[in-house]
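Only this structure's heavy atoms are used, side chains among them; waters, hydrogens and symmetry mates stay out.
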There are 2 protein chains.
Amino acid sequence: MTSEALARALNTNPVVVRRLMGGLREHGYVHSEKGHGGGWTLSCQLDQVTLRDIYEALDAPRLFAIGNRSEETECLVEEAVNHAMSSVLADVKAQFLARFGQITLAALHADFHQRLAERHGPTTLCK
Amino acid sequence: MTSEALARALNTNPVVVRRLMGGLREHGYVHSEKGHGGGWTLSCQLDQVTLRDIYEALDAPRLFAIGNRSEETECLVEEAVNHAMSSVLADVKAQFLARFGQITLAALHADFHQRLAERHGPTTLCK
DNA sequence: CACTCTAGCAACACATGAAGTTACATGAGA
DNA sequence: TCTCATGTAACTTCATGTGTTGCTAGAGTG
């Protein structure tokens with residue numbers, strides 16, 4: 001599939017697709033070919049790759065919208081709060097990664113087919 | 001303490017302080033007085049209020065920096081991914097709230113005093 | 001060899017939301 | 001009545017993620 005086709009399916013821009021896919025390519029989950037007839041191909045086993053792998057291949061984007069204002073501070077109050085917050089957020093992030101690590105692409109693939117089978121009405125897939 | 005003094009201590013602006021404190025006041029954690037000699041006073045027991053209470057008094061700001069692009073979609077693939085993501089994020093958020101619910105302001109207060117006692121050198125508190 | 005189609009990439013533009021700022025109204029003491 | 005404080009709306013600034021443009025390079029086609 002070309003970046004252009006993917007972008008249409010995802011309602012976004014080919015360059016955005018390439019940026020994202022670049023991370024996946026570096027980890028060998030997909031492969032890209034330039035030139036005529038080129039585009040992206042899958043190059044992994046769906047049951048061998050988890051959402052956690054994807055998250056990390058995408059360079060582990062910031063998970064939390066909250067956090068310490070600054071890591072280093074002179075203020076002992078801030079220090080105490082930072083310490084408590086960091087500890088909680090680290091544990092929670094670990095749980096997040098563990099959960100994502102249990103969801104394979106194969107599971108999502110199966111879920112998709114389940115939804116497709118249950119779907120009434122016309123089944124237009126991608127644009 | 002006045003918003004102005006708090007703002008100096010927090011390296012921010014009095015209006016920002018008032019915005020934040022407003023949430024705390026609505027929940028009865030602090031009290032404010034206008035006019036000459038006015039300002040903010042604490043009006044709760046530190047061991048009765050947790051970080052979770054504060055978080056919720058601050059109107060439970062968005063916790064995660066990631067999430068579904070849109071809740072409603074025609075796309076079955078997106079639907080499957082959203083379902084998996086939402087489930088994980090909801091559970092993780094619950095764990096976050098539970099952890100924050102165990103941290104009282106009294107505990108932070110104690111931690112601060114511990115740090116203060118251990119501190120070498122001059123002890124300048126707030127500006 | 002020229003042409004077309006594709007990814008790769010840098011640089012720029014835009015959108016969103018949080019944080020900070022200004023201006024003014026209101027209330028309370030001196 | 002003057003000063004000092006909060007309350008609040010409106011505006012500005014800043015950071016970040018997303019989208020866009022323009023160009024390069026590689027790969028097949030005629």
Side-chain angles (χ1 to χ4, degrees), chain A residues 1-43 54-71 73 75 78 81-82 85 89 126-127, chain B residues 1-43 54-71 73 75 78 81-82 85 89 126-127:
Chain A
M1 233 178 154
T2 64
S3 306
E4 213 278 328
L6 281 167
R8 245 180 297 125
L10 296 168
N11 288 314
T12 183
N13 187 290
V15 179
V16 175
V17 171
R18 287 185 199 117
R19 278 210 283 256
L20 292 173
M21 299 293 274
L24 302 184
R25 184 187 50 226
E26 280 170 26
H27 284 72
Y29 303 140
V30 295
H31 172 77
S32 66
E33 297 253 10
K34 283 185 174 181
H36 200 113
W40 300 90
T41 48
L42 200 56
S43 62
I54 303 295
Y55 173 75
E56 285 167 348
L58 261 33
D59 241 38
R62 200 165 53 100
L63 178 57
F64 296 111
I66 66 176
N68 301 342
R69 267 188 102 139
S70 59
E71 284 312 317
T73 176
C75 175
E78 189 175 358
V81 175
N82 280 356
M85 287 254 298
L89 292 185
C126 286
K127 294 173 195 168
Chain B
M1 233 179 151
T2 64
S3 306
E4 213 277 328
L6 281 168
R8 244 180 297 125
L10 296 169
N11 288 315
T12 183
N13 188 290
V15 179
V16 175
V17 171
R18 287 185 199 119
R19 278 210 283 255
L20 292 173
M21 299 292 274
L24 302 184
R25 184 187 49 226
E26 281 171 24
H27 285 71
Y29 302 140
V30 297
H31 172 77
S32 65
E33 298 254 11
K34 283 185 174 180
H36 203 115
W40 300 90
T41 48
L42 200 56
S43 61
I54 303 295
Y55 173 76
E56 285 168 349
L58 261 33
D59 240 38
R62 200 164 54 101
L63 178 57
F64 295 110
I66 65 176
N68 301 342
R69 262 179 100 109
S70 59
E71 283 312 318
T73 175
C75 175
E78 188 175 356
V81 174
N82 280 356
M85 287 252 299
L89 292 185
C126 287
K127 295 172 194 168

Are any of the side-chain heavy atoms of A:E33 and A:T41 separated by less than 4.5 Å?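 No, their side chains stay 4.5 Å or more apart.
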
Quick check: closest heavy atoms across [X] and [Y], and the distance to 0.1 Å?
X	Y	value
A:W40	A:S3	NE1-OG, 2.9 Å
B:G28	B:S43	O-OG, 2.9 Å
A:I54	A:L24	CD1-CD2, 4.0 Å

Can you tell me the distance, in whole Å, between the [atom1] atom of [X] and the [atom2] atom of [N]?
X	N	atom1	atom2	value
A:H31	C:dT6	NE2	P	15 Å
A:E4	D:dT21	CD	P	13 Å
B:E26	D:dT6	CD	P	17 Å
A:N11	D:dT18	CG	P	15 Å
B:N13	D:dT6	CG	P	12 Å
B:L6	D:dG7	CG	P	12 Å
B:K34	C:dA25	NZ	C1'	8 Å

To the closest 0.5 Å, what do you measure between [atom1] ([X]) and [atom2] ([Y])?
X	Y	atom1	atom2	result
B:L58	A:I66	CG	CD1	10.0 Å
B:L20	B:L10	CG	CG	8.5 Å
B:L89	B:L63	CG	CG	8.5 Å

By side chain to side chain contact (heavy atoms under 4.5 Å, CB included), which residues pair with B:V15, not counting sequence neighbours? B:N13, B:R18, B:R19

Who pairs with B:H36 by side chain to side chain contact (heavy atoms under 4.5 Å, CB included), at least two apart in sequence or on another chain? none

Among C:dT22, D:dG22, D:dT6, find the nucleotide with the atom closest to the side chain of B:V15.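 Nucleotide nearest to B:V15's side chain: C:dT22.
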
With nearest nucleotides of DNA chain C determined for B:T12 and A:G38 from heavy-atom distances, which residue corresponds to the more 5′ nucleotide?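 Counting from the 5' end, the first nearest nucleotide belongs to A:G38.
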
Between the main-chain N or O of A:A5 and the side-chain N or O of A:T2, is there a donor-acceptor pair closer than 3.5 Å? yes

Please enumerate all protein N or O atoms sitting under 3.5 Å from an N or O of nucleotides 28-30 of chain D, with distances to 0.1 Å.
none

Using a cut-off of less than 4.0 Å, is there contact between a side-chain N or O of A:S32 and OP1 or OP2 of C:dA7?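 Result: no.
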
Pairs in or reaching into residues 55-71 of chain A: which pass salt bridge (Lys or Arg N to Asp or Glu O under 4.0 Å), with residues at least two apart or in two chains?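 Sorted pair list: A:R52-A:E56.
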
What residues 18-25 of chain B contributes to the DNA chain D interface at heavy-atom separation below 4.0 Å is B:R18, B:R19, B:R25

Contact residues, residues 57-70 of chain B to DNA chain D [heavy atom, < 4.0 Å]: B:R69

